[in-house]
Amino acid sequence: MTTAVPVPLGARSYDILIGDGLLDEAGSRIAPLLSRRFVVVIADATVIGAHGARLTRALDHAGIASSIIEIPPGEPSKSFASLERLCEALLDAGVERSDLVIAFGGGVIGDLTGFAASIIKRGCRFAQIPTTLLAQVDSSVGGKTAINARAGKNLVGAFHQPSLVLADVATLATLPARELRSGYAEIVKYAALGDAPFFDWLDANGGALLGGDRSAQVHAVAHSCAMKGRIVAADERETGERALLNLGHTFGHALEAAFGFSDRLTHGEAVAAGMGLAFDYSAARGYCQEGEAARLKSHLRSKGLPAGIRDIKGASEFSARALRDLMMRDKKNEGGRLTLILARKIGEAFVEKGADADAVEQFLRQQGAA
Ligand SMILES: NC(=O)c1ccc[n+]([C@@H]2O[C@H](COP(=O)([O-])OP(=O)(O)OC[C@H]3O[C@@H](n4cnc5c(N)ncnc54)[C@H](O)[C@@H]3O)[C@@H](O)[C@H]2O)c1
Ligand SMILES: [Zn+2]
């Protein structure tokens, strides 16, 4: 069964299709979008090895010729150097503006490919076939594309919406458990920021989802995409509500940065810990009840995710001052003052502008930072 989630963005509207085994239908789903029966697929060796043959076969069946450009796996591929190589390869492959290129992989491939598509011949179309849970519920939806710069992550990029997103939960079967959990943290984020009944559902079904239950995965991915799609449609360029999607990310990014974006802490783990901190901070400030924060943290921990600084090996060595300084670099800040996403309860987050950095630093110290 395939679930379709429309993202209504006027002329740039598109569908997110979510299903179990959808990769086998990629050709017939993509064919109607093509001006000629030719696509270029961008993927890394891991994804090509695990799922490339199925995609190529599906495209073949629909009479679509394809060529594959292979990108090395990992975050370092979101660089100027890889962007240059990818653009040259796309041009060598003869990509025209009306052609469609396919990002087949996790968020790294999606962000890099989306950005390349936004600038090739001043913008060609692209489709996302996300193969990590994080990419299926988050990075493939919303049209943010970027590479990293010396000054920080995702600082060079563009808004460029895909023409189609095809999320096949069957591809998640080969994903390492830690990656699956990391994507799950973003699912919890949607529930925590605006959907209390979904949080109840996750309490009941999150374990099955992480255990590989495909129908639970389809439900959660579709639900998450619908929520992100709705928020993006209301606020495509993040001038308001879209900022709520950063719940857990201001604290989380500081932790990720403190670990040098190494694999000692994945993005999802950082977001999980960041959400725990955001709820604890909200409780400390009297915005939300302790019990709400406790419930969120116990859910995260029960799924093997950290919910605070003390849950992360080595994190207590970072000083509260250093974490605060890292938080001050957040893109959401305005006029040198901190913007935080806080919560009134599970299912209700809000934006606090001009948060008191001294209070945050003190709070981080209480939470276990040095
Ligand atoms: N554009 C956005 O809105 C947005 C949102 C969130 C995150 N991001 C970006 O996404 C990136 C992280 O994405 P990610 O977590 O998907 O990481 P990733 O793309 O690095 O993928 C993680 C690893 O999993 C492997 N992999 C992918 N699919 C697999 C599968 N089905 N089976 C086995 N292995 C598989 C990859 O080869 C890679 O080694 C970051 O760069 C982040 O900045 C972007
Ligand atoms: Zn995130």
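We count ligands from 1, going down the list as the structure has it; atoms in each ligand are counted the same way. On a predicted model such as this, the values are computed, not experimentally measured, just so you know.
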Quick look: T131 vs ligand 1, heavy-atom contacts under 4.0 Å, and the answer is both

ask   = Got a donor-acceptor contact below 3.5 angstrom from the K228 side chain to the V141 backbone?
value = yes

- Query: Are side-chain heavy atoms of H223 and D195 found at a separation under 4.5 Å?
  - Reply: yes

Within the 4.0 Å heavy-atom cut-off, what T46 brings close to ligand 1 is side chain

For the rings on H160 and F115, is their centre-to-centre separation under 6.0 Å? no

Under 4.0 Å between heavy atoms, the region of H51 that gets near ligand 1 turns out to be side chain

Quick look: N154 vs ligand 1, heavy-atom contacts under 4.0 Å, and the answer is side chain

(Q) Check this for me: R329, atom CZ, are more than 12 non-hydrogen atoms of other residues, nucleotides or ligands nearer than 6.0 Å? (A) no

If we only count heavy atoms from C-beta on, is the S215 to D20 side-chain gap below 4.5 Å? no

Residue, atom and distance of the protein heavy atom nearest atom 27 (C) of ligand 1 read T132 CG2, 3.3 Å

Separation between CD1 (I30) and OG (S66), nearest 0.5 Å, reads 10.0 Å

Taking everything shown except K345 itself, do over 12 heavy atoms lie less than 6.0 Å from its NZ? no

The closest protein heavy-atom partner of atom 35 (C) of ligand 1 is L175 CD1, 3.6 Å

Logged contact type for T145 with ligand 1, heavy-atom cut-off 4.0 Å, is neither

- request: Taking the six-membered ring for Trp and the single ring otherwise, decide whether the centroids of F261 and H267 are under 6.0 Å apart.
  value: no

Logged contact type for E186 with ligand 1, heavy-atom cut-off 4.0 Å, is neither

Quick look: A50 vs ligand 1, heavy-atom contacts under 4.0 Å, and the answer is neither

Considering only protein heavy atoms, determine whether one is less than 4.0 Å from atom 22 (C) of ligand 1.
yes

query = Is Q289 atom CD crowded by more than 12 heavy atoms from other residues, nucleotides or ligands, each under 6.0 Å away?
reply = no

For atom 9 (C) of ligand 1, the closest protein heavy atom turns out to be D111 OD2, 3.3 Å

Within 4.0 Å of some non-hydrogen atom of D138, the atoms of ligand 1 are 5 (C), 6 (C)

>> Quick one: does any side-chain atom of D213 pair with a main-chain N or O of A216 as donor and acceptor, under 3.5 Å?
In response: yes

Looking only at protein heavy atoms, what sits closest to atom 39 (O) of ligand 1 is P73 CB, 4.0 Å

key: Output field: ring centroids F350/Y287 closer than 6.0 Å   = yes

Looking only at non-hydrogen atoms, the one of G268, P130, G107 nearest atom 14 (P) of ligand 1 is G107

Atom 15 (O) of ligand 1 has as its nearest protein heavy atom L134 CD2, 3.6 Å

Short version for V108: what comes under 4.0 Å of ligand 1, heavy atoms counted, is both

of all protein heavy atoms, closest to atom 40 (C) of ligand 1 is E75 OE1, 3.4 Å

Ranked by distance from atom 43 (O) of ligand 1, the top protein heavy atom is K78 NZ, 2.9 Å

Heavy-atom proximity to atom 4 (C) of ligand 1, picking from G106, S139, A45, points to S139

Here the vertex angle at the Zn ion (ligand 2) for NE2 of H249 and OE2 of E186, given to 10°, is 120°

Query raised in the report: With only distance considered, is T174 within less than 3.5 Å of ligand 1 through an N or O on each side?
Result: yes

**Request:** Find out whether F363 and L277 are in side-chain contact, i.e. whether some heavy atom of one side chain is under 4.5 Å from a heavy atom of the other.
**Result:** yes

Does N148 form a side-chain contact (heavy atoms from CB on, under 4.5 Å) with F80? I'd like the steps, not just the answer.
CA-CA 8 Å; N148 303 324; F80 280 106; over 6 Å; no

Looking only at protein heavy atoms, what sits closest to atom 36 (C) of ligand 1 is D44 OD2, 3.4 Å

For ligand 1, is H267 a contact, meaning one of its heavy atoms is under 4.0 Å away?
no

Query - Chi angles and distances behind the side chain to side chain donor-acceptor pair (under 3.5 Å) call for S182, T266 - result: CA-CA 7 Å; S182 297; T266 67; 2.7 Å; yes

H249 heavy atom under 4.0 Å from ligand 1
no

